Every structure is written in structure tokens, then in C-alpha cells.
Amino acid sequence: MTETQPAEGLVSIPALLARNARERMDRPAYREKEFGIWQCWTWQQAHQEVRALAMGLLALGLNRGDFVAIVGRNRPSMYWSMVAAQMCGAVPVPLYQDAVAEEMAYVLDHCGARFVICGDQEQVDKVIEVQDRIHHIEQVVYVDKRGMRKYDHSRMNALADVLAEGRAAHFRFESELDARIAELTYDSTCVMLYTSGTTGKPKGVVLSNRNIIETAKASVAFDHLGQDEEVLAYLPMAWVGDFIFSIGQAMVAGFCVNCPESPATMLTDLREIGPTYLFAPPRIFESMLTSVMIRMEDAGDLKHALFKHFMEFAKGTGETYGMPRYRKQQSKPTLRRRLRWAYRFAMGIGFAVETILENAVRGFFVRLRHPIEARKYFKARGPLLNLYPQPWRDYFSYRTGEVLVYGPLKNTLGLSRIRVAYTAGEAIGPEIFEFYRSIGINLKQLYGQTEASVFITQQPDGQVRSDTVGVPSPGVEVKIADNGEVFYRSPGTFVEYYKNADSTASTKDSEGWVATGDAGFFEPGTGHLRIIDRAKDVGKMADGALFAPKYVENKLKFFPDILEAVVFGAGRDRCCAFINIDLNAVGNWAERNAIAYSSYQELAGHPKVYAMIRAHVEEVNRSLAADPILSSCQVHRFLILHKELDADDGELTRTRKVRRNIIAEKYADLVAALYGGAKTIATETEVTYEDGRKGHIRATLTLADAEVVPVAERRAAA
Amino acid sequence: MNAETPVEAIPTADDRKIGPVLMEMKHITLRFGGVKAITDISFDIREGEIRSIIGPNGAGKSSMLNVISGFYVPQEGEVWFRGARRPQMKPYQVARQGIARTFQNIALFDGMSVLDNIMTGRLTLMKTGLAAQSLWWGKAQREETEHREKVEKIIDFLEIQAIRKTPVGRLPYGLKKRVELARALAAEPMLLLLDEPMAGMNVEEKEDMCRFILDVNDEFGTTICLIEHDMGVVMDLSDRVVVMDYGKKIGDGTPDEVRGNQAVIDAYLGVAHD
């Protein structure tokens, strides 16, 4: 690691904000849709708001080194609170807003937050609920005043009032605030983020200004991000990705952060903003694709045919002709860009017309002979006269597709202007990945974690594939240990786990190498990293064969009908799986196939659904059988769960990763039944509602066998 | 700002202000031909309270609500509103007085968007004429902007931003009910009449609706009179309850009083005929 200091003294987020306020005064910094209108704050306004808020917090008695918990949906004021806390020398701790009070209690207790800034009444209620156990919470600040009138305000304030107080008292606090900002160094704590806790309790990852700013600078340079980017901030604020993206990169590059009106309007807002840079978990891309496919099933014949034809065509050509090019100047649509766009559009239309005319003329002559002969003729020659060389024809066809299909489709999805899109957090299905790439969206993968300030490896433009996670990011060193575990060292490497020296020591060694806990290898030749699974999830089956559950689960989840899968098999003689169906996809399928159902549970237990899922499982088995290392991970028996796995029940983490052990424990009876011989099993499950109350679901589940490709015999034969 | 100086004096949950009598029904009797739907019923609604009317099927609850909203004219009895006897009125005149309602069977414009539907709730408050509005220029434009702002606040309040532009016909039942409530709220009523706002909803939708009703009462200070079958909901929400059976009033009082009333228990559980 190089111990450099940035030249301009931009050693903290508040300093970057001040720079942006100076240099980008009237450019938009934050937008939020409220009351149906996009409200905008310029950098200068944002800077003033943040300063006022910081002074308001000083007035409330915020000390250096205090922890300020921040919980709520993505709103400019929540981001400002984080920066304001930093200005005061305090440490912001964003929390997952959908966490139940119990989970929140642990984190609040662990960091010892004196201040909590809440988005709305719901979050305040949770804080009040835990307040009788956690006594160090002194002040609660809330943003949305709705429903808050009746609360006891002795230790509670509306954010607007804090702002007003900060403005009114600025004479008193101006110098104090400046002094505190001046105290911030490159190595002082920037933020503390809690890991999602796939295993056990969440850990508080302390990230310094150096971590965040260096990482942001490197990644901004990597993808040529500039002040003209538009991004939509909709990811949970407690996730490191959102912090890097909406604060780190936004402050470094100076682009505008747009906050949606509510979580439900995310897709509409995405379309209205038309982001140029997008960061999304695979889930978002999956659900977008699912909704496109569902709507295409319902579309008219012509549209359906066009869509099918051009999507098939784009599979081979999208990589070559569709990708957006990096342009250095993109502030305004220049005449040149307009002309290029007009030219492309005209080419598309012109070629479509030309094709139709040619075919009409040709069809006229051919039809003179005989219709059947005509059909044969077209089949043999293809629909086009071969006037141009192949690459030209592909280019023209792609432009036609752009005008007729890809363009409108991207527009509907709100992805028209995307220059760079990243998917991270989980593996993405190859078909899904290919779909977005083929319609000209520069979707790339990256591999990262909270401890690395996100970036470990990422894919450079032009070297994008669905099965790797790319090359090490600038400034990051990666090495593979003997047992296959991936280690890295970078300027973004975290400082420590808060109040957890043991974990820090076991994760990060004295030279700064950090264990990721993932097993992977560098592909020979390309130098791209491939991740197989969590290192500790990779186990052995009873016969000593490699067992990589996540690999199999991902293969299963690539089917749109399957939402989640949990595969068991460590230390056993064969694999079995729990499967969660995707209500959207399967529900639509049921509707089209006239299958009546009244509830999730009924649909999940339907014999036809079982038959469909079995077909999927068997397909996965076939593809696993082809892989010599993982062929024994084939799924012998499975069942479809009667309820969706849910983070509220502790079955998933808040970032929707499966908690394998907890599920195995909770559904021990089902696992036993899978390995037993029963055909059906009756079970009862406890569920937690969003408000924390508990209920029970009873169900009788069917256990189904899936056909397995016999590998052992083949091996014996070979 | 500091702990010593509270932001403002805030009434706590339990001493919610229930004001003077807003509306009083005096000896109302309503007949349809020979059928007596309502027989000699008297009760009052106070400002700022949530007043429920309950009763078994055919008890005359909806008729009662229609009398309040001025749609039915009772043959006998008087309706007093804000301290004055209300003469016979057309429903739109009643609406102008500050009474808005929702319907048991949703009565929205299916082809129009949610936003437009809610805007219709403000018709009685619009002042510019038809000609000015169709030209949409000058005063009419300014006025619409103002009304739109109010409507957006209500949309935000009821959390229906995501369906703002969706045609109502495409919405599920629970959301339609919410849109109907939004339209009623858009008229900025003093008295809001809700006819079975929770009928046919699942538990989650009911809870949402309850919260909205309480919030409306709380935030806007709107007086609410509602008809509901779900006893749990009624007992939790209401300040006072009127119980009707066969067109007669058999109980009136706080939820606790009503719960203990023998006549009410008989009406709901049935009496042995001996």
C-alpha cells in the first residue's frame, strides 16, 4: 500500500463536497421525486443543507467519535445526514431499513449509537421499541413528519427543525464546524457498515476516508465516469455498494444522485431518469427480464415475431454492433452526436424499407411459379438479397433491430442511456447476462465485498463474460491460497472490525492480505478470476466427491421459475434440494395454462408445477453430469417449499443470501424426509410478519424424485 | 431544539380533542313504500371523532349513511349539521357543505387514471368555469396546479405514488378502495362517510386501511363516520359506536359499553325463540 495524500487536500467526503460546491456550483447534485415532481438540489445548495444539518447536530450535542445510526429509504436528506455526521467528526452507521427491531437492537447496541436518524414513523417505532433495552440512544431525528405529532418530543426532533436550528445558530457553530472538518484526516473513519451476516452476527466494518476515496477514484477512472452521469440510488443504504456508488463515486466524479419516490415506483423512476450508470444485484435484472418475457407472451403476433427474430439475431451480433462507445465529451448532445444518431436511425429505417421492398419484388417473381416453391426458395436463400458483405449486413440488421426492438425495449426498461451497468452480489444467469448484453447494454460483473470497499475484480470493457468476474481492479492485488481461497490487498482494504479484534486478526493478516472466504481460480490465458463457491460451503460428500451447493443453486436459479434453491448434501451420499418458485413467473405460466390456484402454497404444491420444476432439475443434472468435478452434486430428490424464504424469518440475509444452516435447522423434518423414503410430509412452519408478530403455516408437501444421469457407471467404464 | 425547549405543545394520543356536536340526527324515520328501513333513530356525531355504525345485514346502516349524505330524505325527523337544521338538499349541495363519502361497491371512473379520479374529488372546490378550464389558460391553469398539489399530498399520504398514472380499471380491489378514500379526502371534507371501507379485504389490506383511517383522523382532524362488519376493526378504531338492528337503534356508546350491551349481544349471537 502506498501512503499517499491527495494533493489538493481532499482528504474527506466533506472536503470533496466543498470542492464540488465550489467547482460545480449550479450543476445538479441530488434529485428526489416528491409529490410527483423531481425536486433538484445543486451542489451549492446541497453543501449549504449539509452544513446547516451538521450545525443542527452540533446544537443537539453531537460529539467527536460518536456513532450516528441512519436508517431509512434512499433520500437526499439521509445521504446529507451521513456527510453531516462526518463533518462533526462522528461516524455514520447506515442500517438496513427493513431489519426487524431485534436485528436493529443488536447493531445499535454494538456500535453504541447516541444519535439515530430515522426516515419515517416506522423506523422511529422500531427505535422506540428497542430503547428500553438500549439506554445510550439520546436523540432521535426523523425526516418524514407524518404520524409523528403525538410522540414524546423531549428527545426527538424533526430533521427540518434540526436544519432550521442549524441555520439559526450558524454564528455559534460556524467556527466549531470548520475546526472539526479540518481535523478530519485521510485515515480517520469515514463510515461503519455492518456486514449482512450470512453466518452469525453482523460485524461492523470500519472504512477510512482513504479506503472510500481511493477506491472511488480508481473505479471512476476505470469506467471513465464523469460529472454527467445520472444514477438512481435505490439500493439499501446500509450496503457498501450504495455507499461507494452514491457517496464515494458521486462525490469524486461529481455526478447527480437521483432518489426514487418510493420503493414501489423504482422502475417508473428509472425510466424517467434514464441513468447512464447502474449498479444492481442480479435479482433486479432477473425481474426486469421476467416482466419483459411475460409481457411479450401477451403481445400480438407481429410484435412477438419481431421480438423473437431480432433477439435471436442480437445474440451473436450485439457484442460487436450494440455496445455503447465511451465518448470523452458527453455534456451536451453536440451536432455531431445528433447527426450520428440521425444517421443510425435513418440507416435502420432505410434498411427495413429496403428489405421489405426487395422481398416484395422478389416474392412477386417467385410467386409466379408456385407458393410452395416460393417458400423453399426463401428458406434456402434467407430473406435477403446478398448485396453487401456479411459484416455490413449484420450492421444494418442490427440498426434495424435497434429501431424496431432494442431501442424501444431499452426505453421501456429505462436503460436507453446506460453506458456502464454492474451486477454484483450474486452470480447472474448466463441467459440473463447475454440478453442485456445483446440489446446493447454494457452490463458487466464485478466481485467485491464490504471489507474491500466493494471492488476486488471487475470486467474491463470488451472482456466481458458471464462465467468470470473479471481482472483485479486497479490498485488491487489478488492471490489464490493453496486451498483455493481468494486473498486480496488494496487501498480499499478495511481498517478493522469494530470491537472485534479476533475477527479482524483472522481475516486480515499483518501484511494487509484479506481472506475473502470464497474459493476460486484464475483462468489460465485470460487472467480472469472465476469464483466457485464460499470456501467453507464447499464440502465433501460421503464418498469424498466435491460438494459446491451454491454452484448448483445458481444453476437452478437461472430458471426464471425458480426464485431460490437450497441444496443439501455435505457428508451425505447424494444431494437433495428445497426449491422456492417465483410467484410472478409461475403464476403467469399457470394463468396461460388454465391452472387455477388460490394461494402461493396451493400453486407450489400443484402437480403440474412439480412436473415443470422436475424438468428444470433434470436439465441441471444433465449439465452437472458433464462437469467431471461436480458431477456427484446432481439433485436426486427435491421439494417445493410452501412459503417463500424470507429475511424476516431469518432464512435469508438482508441482501437475500441463503442462510444454509438456519434453513437446515428450521426445516430439519423436511430434510430428513428428503433423505427418507416418504412420498409426502406434513409440516408446520413459524413465520414472522413484517411488524414482528408470528404466525404458523401448516402444509403437506410432496417429495419428488428427479432423474439423475448415471455418472458412476460412466466413470467405471472410462 | 434543546431538550429544555420542546418544539411545540403536542397533544398526546389519549387526549385527542373531541369537539362539539357536528351533526345530529333527531328521530329519523325512513320508509320505502310500506317498508320501514329506519325507525325513529337519534344520535349525534361530534367533531374529530370516529363514529361507527354497526349492525347485522339489513339493519339499515347504509340507508342511515345515505340519509346523512343527503341522498335519501327521511319522512320524519330532522338532520342538524353544524348547529343548524339542514333543509332538504341535493347531494352536490351536501358535498359543498363538507361531507364526502366512499361507497360499498366501488364507484370510480374505470377508464380514468388514479390521478384524474382523485382530481374529480376536488370538483366542488374548483372555481373557474368550464370554458376557462377547457382552454386551460391563466387562472384555470393556476387553479389546477394548486389542486394538483393538494392531490399529490393525498397521493403521498395514502402511499399510492406507484399507481398515479394507472387506469383505475386495472387495479386490484384493495387499491381501488384506497383510491376511493383518496378521492373523498380530496374534497377536504369536515365529515367523511365510509361505507364498509374494509369489506372483502385480506388482513394486511385491512391493517393498512385502519392505519390510513386513523391517520386521516389524526393528521387532518377529519370527523369520520363509518360502517363496518369487522367487529375487531370497529372496536379498535371507534370512539363511539351506534348499533342498529331491524332499523332500530339498540345500542350507543363507547366500544366497551356496546360490547357489554345485552341487546347487542342478542342481535349478533341470536336469541333462542321459545
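Given the structure is predicted, the values throughout are model-derived calculations rather than measurements. Every chain is numbered from 1 and lettered A, B, ... according to where its sequence line falls, protein lines coming before strand lines.
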Mind listing the closest non-hydrogen atom pair of B:Q161 and A:T265 along with its distance?
C-CG2, 3.7 Å
What pair of heavy atoms forms the shortest contact from B:E152 to A:G36, and how long is it?
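Closest heavy-atom pair between B:E152 and A:G36: OE1-N, 3.5 Å.
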How about A:F35 and B:E149: do any of their side-chain heavy atoms sit closer than 4.5 Å?
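They are not in contact (no side-chain heavy atoms under 4.5 Å apart), so the answer is no.
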Which atoms of B:D215 are under 4.5 Å from chain A, going by heavy atoms: the side chain, the backbone, both sets, or neither?
side chain
Contact class of B:E204 relative to chain A, heavy atoms under 4.5 angstrom:
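Neither part; nothing is under 4.5 Å.
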To the nearest 0.5 Å, what is the distance between CD on B:E219 and CE on A:M148?
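Going from the CD atom of B:E219 to the CE atom of A:M148 covers 10.5 Å.
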Return the CD to CZ distance between B:E159 and A:R146, rounded to the nearest 0.5 Å.
5.0 Å
Any chance CZ of A:R592 has more than 12 other-residue heavy atoms, nucleotides or ligands included, within less than 6.0 Å?
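Yes, the 6.0 Å shell around CZ holds more than 12 heavy atoms from other groups.
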Pairs where residues 161-209 of chain B contributes a residue and the test ring-ring contact (aromatic ring centres under 6.0 Å, His included) is met, not counting sequence neighbours:
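Found none.
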Are the charged groups of A:E122 and B:R211 less than 4.0 angstrom apart, N to O?
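Salt bridge flag = no for B:R211 with A:E122.
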